Amino acid sequence: MNLTLYVWRQKSSKDPGRLVQYEAKDISSDMSFLEMLDVVNEGLIVKGEEPIAFDSDCREGICGMCGQVVNGVPHGPRKKTTLCQLHMRHFKDNDTLYIEPFRAKAFPVIKDLIVDRGAFDKIIQSGGYISVHTGGVPDGNTLLIPKHDADIAMDAAECIGCGACVAACPNGSAMLFTAAKVSHLAMLPQGKIEAARRVCAMTEEMLAQGFGNCSNHYECEAVCPKGIKVKFIAKLNREFIKAQMTGS
Amino acid sequence: MLFPTSAVGKKIMMAITGQVLALFILFHIAGNSTIFFHALNAYVTALYKLPLFVWGGRLVLLLAFVFHIWYGTVLKLENHAAKPEPYAKTRYLQATFAGRNQIWTGVMVGVFLVYHLLQFTFQVTNPAVAADTHPDALGRPDIFTMVVQSFRQIGIAGVYVVSLAALGLHLLHGIQSSFQTWGMNNEQTLPVVEKTGNVVSVLLFVWYCAIPIAIIAGILK
Ligand code: HEM
Ligand code: FES
């Protein structure tokens, strides 16, 4: 199949950047979206041009490294699919694709389609952990966790931190990401101890990093490759209210 | 916590003030509906016999409005700054027209409110029918005639219908949003809250519009 691409090219964070047209020729429908870009890049290298810079690592949908906005939708048109797992058979011959980086003030573009998602690390550093005394490994089954709670914690823990939620949010808000981390830990006994401090610190850091506030549009849920639900944002709100009520 | 600056705190201010205003919207149309039974003057006269309720209510509403507008503006500015560059192609999957235009429907409601108060509370827009200076046969302020005479003008009725549509859109997003902000949602309740919010918003729009439309159509005179 042949495609027309409009790809965002930007030399550095200081360069204003622009969309550049490329033709992707003889693309196999079995290729992933990133493999399609690899083919385009090989063509560019042969012509002596700078290849398109984009992020990827595992290419099997588990690491959260990849992510571009395809025709206005982070990770492209397929639900619950990372860009690396999106195959070209979901596009039609002669399609025109606009490929842009994740956009938000907190995610500055480094080059082309690569953005700096370090702001997520700062949110995690502010409270996305539990404190434990090191020493001997605790005995198995000393801390029993009801299946129901474990399931919810695991659902939240599915977040791979790719940043698609921020990219999709009209407010550039990191609420779904933060909510997934807060909920994941608050569901488990090890995480409950610091839950109040955590939710306050992480939401505070979210603002400090330049993310917007949540307006409950739920665009994040629609694009999340792991299907993280906005019920976790409600849970974050509950955790926050609880923390304020108990004065922590 | 009284003047929150956190992401969730500001939203809770929006939710609590929005819900107070929405409750007033419900109370207001319930009271106004006495017009259909030609009992508006009696209702208003009875209401004003409760000065503590009236003035207490006005104070609460004023505070709710001030905080709602203040935090709504702060949130909008912050959110706008957090997304400086738009995409060349924008596609919304779940965000509604109502939700994305919350600030604009809010501004419309705010501007309308100023006009509405000048018209029916301060009664300065049409002194010829001002109820406070034109009592009815029983010596009560003739609110009924003031309202009916006003809405007979198609322009005024039109302004009301358009402004009520803006309020309806505002609530279409606002009701469900406020419950999510309070954290009162899970996977099962979210769709129910959304649907209930939509039904309530549309019902309020139709209910409010019924008054100017009934007057224009000559059913209420
Ligand atoms: C009687 C009039 C009004 C009612 C009943 C009302 C009700 C509501 C409700 C229930 C919400 C949802 C709160 C939440 O998201 O948690 C809301 C949000 C909002 N309102 Fe109003 N409102 C009114 C007037 C206004 C006015 C005059 C403005 C003008 C600035 C305004 C601006 C906003 C904005 C910007 C939001 C969304 C905040 C966000 O980004 O999340 N509203 N309103
Ligand atoms: S490259 Fe790892 S999730 Fe896509």
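Here is the naming used below: chain letters follow the sequence lines, and residue numbers restart at 1 for every chain. Everything numeric in this text was worked out from a predicted model, so none of it was measured.
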So, are A:Arg103 and B:Glu85 salt-bridged, with charged N and O less than 4.0 Å apart?
->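 So A:Arg103 pairs with B:Glu85 through a salt bridge.
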At a heavy-atom separation under 4.5 Å, does [X] approach chain B through its side chain, its backbone, both, or neither?
X	result
A:Val199	neither
A:Cys220	neither
A:Lys235	neither
A:Tyr218	both
A:Ile233	both
A:Ser173	neither
A:Ala168	backbone
A:Glu239	neither

Could you look at [X] and say if it's the side chain, the backbone, both or neither that has a heavy atom under 4.5 Å from chain A?
X	result
B:Gln188	neither
B:Lys10	side chain
B:Leu75	both
B:His173	side chain

Do side-chain atoms of [X] reach the backbone of [Y] as a donor and acceptor pair under 3.5 angstrom?
X	Y	result
B:Asn79	A:Asn171	no
A:Arg117	A:Phe107	no
A:Glu219	B:Leu93	yes
A:Asp93	A:Met1	no
B:Gln180	A:Val230	yes

When the ring centroid of A:Phe102 is compared with that of A:Phe120, is the distance short of 6.0 Å?
->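 Here the rings of A:Phe120 and A:Phe102 have centres that are no less than 6.0 Å from each other.
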Based on non-hydrogen pairs under 4.5 Å, which of B:Val8, B:Thr5, B:Thr90 is most in contact with chain A?
->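 Of B:Val8, B:Thr5, B:Thr90, B:Val8 has the most heavy-atom pairs under 4.5 Å with chain A.
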Identify which of B:Asn186, B:Leu190, B:Thr181, B:Thr189 forms the greatest number of heavy-atom pairs closer than 4.5 Å to chain A.
->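 Maximum pair count with chain A is reached by B:Thr181.
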side-chain hydrogen bond (donor to acceptor under 3.5 Å, both in side chains) between A:Asn213 and B:Glu78, worked out | CA-CA 7 Å; A:Asn213 308 281; B:Glu78 285 180 355; 2.8 Å; yes
Chain B: which of A:Asn71, A:Val223, A:Thr203 shares the most heavy-atom pairs with it under 4.5 Å?
->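 Result: the option with the highest number of such pairs is A:Asn71.
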Is B:Leu62 atom CG crowded by more than 12 heavy atoms from other residues, nucleotides or ligands, each under 6.0 Å away?
->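 Yes, enclosed.
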For a side chain to side chain contact (heavy atoms under 4.5 Å, CB included) with A:Arg9, tell me which candidate from A:Asp15, A:Leu113, A:Val20, A:Leu19 qualifies.
->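 When A:Asp15, A:Leu113, A:Val20, A:Leu19 are each tested with A:Arg9, the side chain to side chain contact (heavy atoms under 4.5 Å, CB included) holds only for A:Val20.
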